[in-house]
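Taking it in order: structure first as C-alpha cells, then the write-up.
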Amino acid sequence: MGNAITPDSRALWLMLARNGNWWTVKTLVHHWRPTFTAVELDDLLRPLVGHGYVMVRDKSAAEPTYAVTSDCFALPGYERVGMHWREAA
C-alpha cells in the first residue's frame with residue numbers, strides 16, 4: 001500500500017478522530033468486521049501513524065493502541081476545533 005492516504009484510511013481516521021478512545025488492532029477488527037482484516041488495518045494505520053495523523057501508544061507492546069489525539073495532524077480538508085475534528089470551512 002505504501003504511504004498513500006486512501007479513502008479507506010480516511011474512513012479509519014474519521015472513526016478514530018470522532019471516537020476519541022485508544023484502540024488495539026484487535027478491537028478495530030471487531031468494530032470494522034467484515035470490512036477489514038488485521039493485516040489490512042495494519043496497512044491502513046502505518047501511513048496514518050507515519051505522517052502524524054494517528055498516535056500509537058506502547059508501540060513495542062504485544063498489542064499497541066492507536067488514537068487520534070490533540071497532538072495529531074488533521075487530514076487534508078479537516079481541522080481541529082477544541083477537542084473535536086470537523087471538515088474545514
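Predicted model, so just to flag it, every value in this text is computed and none were measured.
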> Passes side-chain contact (heavy atoms from CB on, under 4.5 Å), Glu40 versus Trp32? Steps please.
Replying inline: CA-CA 11 Å; Glu40 290 169 325; Trp32 285 96; over 6 Å; no

> side-chain contact (heavy atoms from CB on, under 4.5 Å) between Leu48 and Ile5: does it pass, once the steps are laid out?
Replying inline: CA-CA 7 Å; Leu48 290 171; Ile5 302 300; 3.8 Å; yes

> Taking the side chain from Trp85 and the backbone from Ala74, do they hold a donor-acceptor pair closer than 3.5 Å?
Replying inline: no

>> Any donor-acceptor pair under 3.5 Å linking the side-chain atoms of Tyr78 with those of Arg10?
In response: yes

> Is there a path from Phe73 to Trp22 through hydrophobic residues (I, L, V, M, F, W, Y) whose side chains come within less than 4.5 Å of each other?
Replying inline: no

>> Between Leu45 and Leu28, does the side-chain contact (heavy atoms from CB on, under 4.5 Å) criterion hold? Intermediate values first, please.
In response: CA-CA 11 Å; Leu45 285 163; Leu28 286 169; 4.1 Å; yes

> Would Met55 end up clustered with Trp13 when hydrophobic side chains under 4.5 Å apart are linked, directly or stepwise?
Replying inline: no

> Could you state the interatomic distance from OG (Ser9) to NE2 (His51), rounded to the nearest 0.5 Å?
Replying inline: 9.0 Å

> Is any side-chain N of the basic residue among Arg86 and Glu79 closer than 4.0 Å to the acidic one's carboxylate O?
Replying inline: yes

> To the nearest 0.5 Å, what is the distance between OH (Tyr66) and CZ (Arg57)?
Replying inline: 12.0 Å

>> Nearest 0.5 Å, please: how far is CZ in Phe36 from CG in Asp43?
In response: 11.0 Å

> CD/Glu63 to CH2/Trp23 distance, rounded to the nearest 0.5 angstrom?
Replying inline: 13.5 Å

>> Less than 4.5 Å apart, side chain to side chain, heavy atoms only: is that true for Leu41 and Val29?
In response: yes

> What's the shortest heavy-atom distance between Ala67 and Cys72, and which atoms?
Replying inline: O-SG, 4.0 Å

> How many angstroms lie between atom CG of Leu75 and atom OH of Tyr53, to the nearest 0.5 angstrom?
Replying inline: 6.0 Å

> Are Leu16 and Leu12 close enough, and set up right, to give a side-chain contact (heavy atoms from CB on, under 4.5 Å), and what steps lead you there?
Replying inline: CA-CA 6 Å; Leu16 291 170; Leu12 176 59; 4.2 Å; yes

> Above 12 or not: heavy atoms from other molecules or residues under 6.0 Å from CZ of Arg80?
Replying inline: yes

